[in-house]
Amino acid sequence: MKKLIFALMSLCLVSPALAEEAASELSAMPLLTKGLIVTAGGLGGVFLVLILFFLMIKVMGRLLK
């Protein structure tokens, strides 16, 4: 898990050497693992949007009272 986090963080950095190393580590991962990571990220995004909608409804309800 540490390697995965390091690989994803190093993709965000400017250093081409680190990005190339991270890309090679990510490409070496099994397809199932990549799919699980994408699925978890997607579900996290969906729940984040749902929570934001819920909070906005609560705020709007309080403002209209």
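Start at 1 with the first residue, then count along the sequence.
- For the pair Lys34 and Met29, the tightest heavy-atom approach, listed with the atom from each and the gap, is CE-O, 3.4 Å.
- Under a 4.5 Å side-chain heavy-atom criterion applied to ILVMFWY residues, the cluster that includes Leu48 comprises Leu52 as well.
- Residue Leu36 is found in a hydrophobic cluster whose other members, listed by chain and number, are Leu32; membership requires side-chain heavy atoms under 4.5 Å apart, directly or through intermediates.
- Residue Leu31 is found outside any hydrophobic cluster, as its side-chain heavy atoms come under 4.5 Å of no other Ile, Leu, Val, Met, Phe, Trp or Tyr.
- For the side chain to side chain contact (heavy atoms under 4.5 Å, CB included) test, residues two or more places apart in sequence or in another chain that qualify with Leu55 are Ile51.
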